[in-house]
Amino acid sequence: MAQKPSIPKGTRDFNPEQVSKRNYIFQIIRGVFETFGFQPIETPSFENSDTLMGKYGEEGDRLIFKILDSGDFLSKVDDSIYNLKDSNKLTSSISEKALRYDLTVPFARYVVQHQNEIEFPFKRYQMQPVWRADRPQKGRFREFYQCDADVVGSQSLWQEVEFVQLYDAVFSKLKLNGVTIKINNRKILSGIAEVIGAQDKLIDFTVALDKLDKIGEEKVKEEMLDKGISQSGIDKLQPLFSLKGNFESQIETLKTILSASKEGLKGIEELEFINTAINKLELQTASLELDVTLARGLNYYTGAILEVSAPKNVQMGSIGGGGRYDDLTGIFGLKDVSGVGISFGLDRIYLVLEELGLFPEAVSKSIDVLFINFGEDESLFSLKAIKQLRENNIHAELYPDAAKMKKQMNYANKRNVPFVVLVGEQEMNSNTYTLKNMVSGDQNQVNLNQLVSLLK
RNA sequence: GUGGUUGUAGCUCAGCUGGUUAGAGCAUUGGUUUGUGGUACCAAGGGUCGCCGGUUCGAAUCCGGUCUUCCACCCCA
């Protein structure tokens with residue numbers, strides 16, 4: 001064998017069984033999206049670089065896959081830039097396109113570009129791959145699918161309520177019970193930053209706070225000090241570190257901490273609204289939890305922040321996330337369009353379902369029945385029956401070669417085919433079919449009508 | 001981007017401190033069995049030991065680089 005071919009780091013091939021399982025997840029998410037009134041759109045896999053660059057922070061820019069310009073791109077680079085040997089500066093001269101990093105920013109671009117054709121509020125869903133030049137690890141790939149649903153053009157908090165229900169509906173249908181939908185509000189985080197005198201360090205502050213359950217209180221305080229947040233400010237956070245209990249009691253504690261911050265109180269009010277509504281509407285299998293440390297990244301969230309974690313017995317990062325972003329289309333020049341949306345991480349959900357054995361058996365079934373090939377006349381006779389079966393939506397096929405019986409039966413086993421039909425001289429003469437159940441081993445002779453109804 | 005880890009047959013892995021023709025199980029193919037599979041037995045095929053370079057009389061084994069795997073950090077779905 002020559003050198004083995006390979007695929008790039010962090011990418012995967014999917015075999016038939018994996019594709020079936022992935023489609024199962026897609027189909028459930030799509031179904032729920034549509035019952036909630038979302039409509040599908042698609043956008044190109046690559047965008048103009050300036051659409052993407054600068055939208056995800058410095059770290060994000062690094063993780064965007066850039067596409068080299070076509071042609072002799074180096075010859076048009078200005079000597080002064082070339083001689084600097086500064087990759088960042090050079091990139092913008094040799095790459096004007098980049099692979100999309102998520103679905104939210106391209107969607108914002110879409111809304112701005114098509115604003116005159118869109119009926120607001122606009123509810124869209126989108127299920128497409130995204131790419132990140134990240135180092136792979138568990139549940140982290142360089143090419144993966146996101147399934148997003150967003151609403152733009154409505155500031156109503158009922159949208160947030162609906163998204164919590166949507167998460168609950170999808171995970172309930174997937175039989176993935178016990179997921180936790182964590183919710184927080186950017187206004188609360190800003191409020192806290194304001195109260196401790198660190199408005200200007202909001203991002204550093206939230207990034208540190210986000211690590212609380214991972215690295216512990218002391219390390220979080222260290223990191224905050226490191227980032228230049230004052231000791232007196234950190235002291236004021238003390239009640240926050242010991243914040244425990246249910247939604248309502250956490251809210252009460254927050255009200256005292258944030259009594260001086262108008263913005264913080266607004267955030268609390270929003271959370272209370274959502275929580276009250278969800279309590280009245282009730283969730284099927286998920287639970288809604290307030291988590292003040294939830295600060296997950298994207299710089300553009302302005303209100304609610306949502307994140308879904310897998311049931312506690314599986315080790316997996318978040319399997320979904322989302323939030324409210326009042327200014328998203330602003331960066332593309334369209335003001336005052338509020339949006340809110342959520343995302344499902346298909347690849348991670350797959351890993352969780354696999355680990356918990358939650359894929360239905362039927363997902364991996366290939367065909368309903370295989371006809372054993374005994375020769376040319378028998379094949380023709382079989383294909384007439386197969387035609388009939390297919391018209392009845394029964395998945396049927398003929399083994400293509402008149403190979404040994406053992407080989408054909410083995411093939412049926414490997415492909416997990418539940419039934420096999422044997423048609424030889426005897427059957428042709430009596431115009432019947434021998435139907436064999438591959439699980440029990442039973443077999444009986446039937447006519448065509450019986451065959452159809454038995455397999456249906 | 002930082003630190004660590006992994007790489008031997010299609011798959012899962014042995015191979016001691018460098019020393020003959022690199023092994024096993026599973027899978028594949030053929031046979032026992034020319035209309036009856038999953039079990040059993042017999043036999044066969046299949047590897048430039050990730051790649052490049054170095055040390056050595058001699059490298060799967062030691063050293064360097066590179067790619068890949070997995071993990072942690074950063075960040076994130």
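Below, read A as the first sequence line, B as the second, and so on, with proteins coming before strands; counting in each chain starts at 1. This is a predicted model, so every value here is computed, not measured.
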Next on the checklist: Reading 5' to 3' and counting Watson-Crick or G-U wobble pairs with both distances under 3.5 Å, write the dot-bracket notation for RNA chain B, | for bases paired outside the strand.
Outcome noted: ((((..(..((((.....[...)))).(((((.......))))).....(((((..]....))))))..))))....
Checklist entry - Could you give all pairs that pass the salt bridge (Lys or Arg N to Asp or Glu O under 4.0 Å) test and reach residues 430-442 of chain A, with sequence neighbours left out? => result none
Checklist entry - Does A/Arg135 get its side chain close enough to the base of B/U69, under 3.5 Å, for a donor-acceptor pair? => result no
Could you work out, with ring-ring contact (aromatic ring centres under 6.0 Å, His included) as the rule, every residue matching [X], not counting sequence neighbours?
{"X": "A/Phe46", "answer": "none"}
{"X": "A/Phe38", "answer": "A/Phe163"}
{"X": "A/Phe14", "answer": "none"}
{"X": "A/Phe419", "answer": "none"}

Checklist entry - With sugar-phosphate meaning primed atoms plus P, OP1 and OP2, does A/Ser318 contact a base, only sugar-phosphate, or nothing at under 4.0 Å between heavy atoms? => result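 Counting heavy atoms under 4.0 Å across all strands, the contact made by A/Ser318 is with sugar-phosphate only.
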Checklist entry - Considering residues at least two apart in sequence or located in another chain, which fulfil the salt bridge (charged side-chain N to carboxylate O under 4.0 Å, His left out) criterion with A/Arg135? => result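 Partners of A/Arg135 by the salt bridge (charged side-chain N to carboxylate O under 4.0 Å, His left out) criterion come out as none, since no residue qualifies.
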Item to check | Sequence-distant partners of A/Arg124, salt bridge (charged side-chain N to carboxylate O under 4.0 Å, His left out), two or more places apart | outcome: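 Here the qualifying residues are A/Asp150.
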Item to check | Positions of residues 28-50 of chain A (non-hydrogen atom under 4.0 Å from RNA chain B), listed by number | outcome: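 Output list: empty, so none.
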Checklist entry - Of all of residues 445-456 of chain A, which get a heavy atom below 4.0 angstrom from RNA chain B, listed by number? => result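 Per residue number, the list is empty: none.
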Checklist entry - Could you run down nucleotides 31-41 of chain B 5' to 3' and tag each one B, S or - for protein heavy-atom contact under 4.0 Å? => result SB--BBBB---
Using a 3.5 Å cut-off and no angle test, enumerate the donor-acceptor pairs between side-chain atoms of residues 175-183 of chain A and protein atoms at least two apart in sequence or in another chain.
none

Checklist outcome for this item: Side-chain contact check for A/Gln137: nearest option of B/U28, B/A72, B/A77 is B/A72
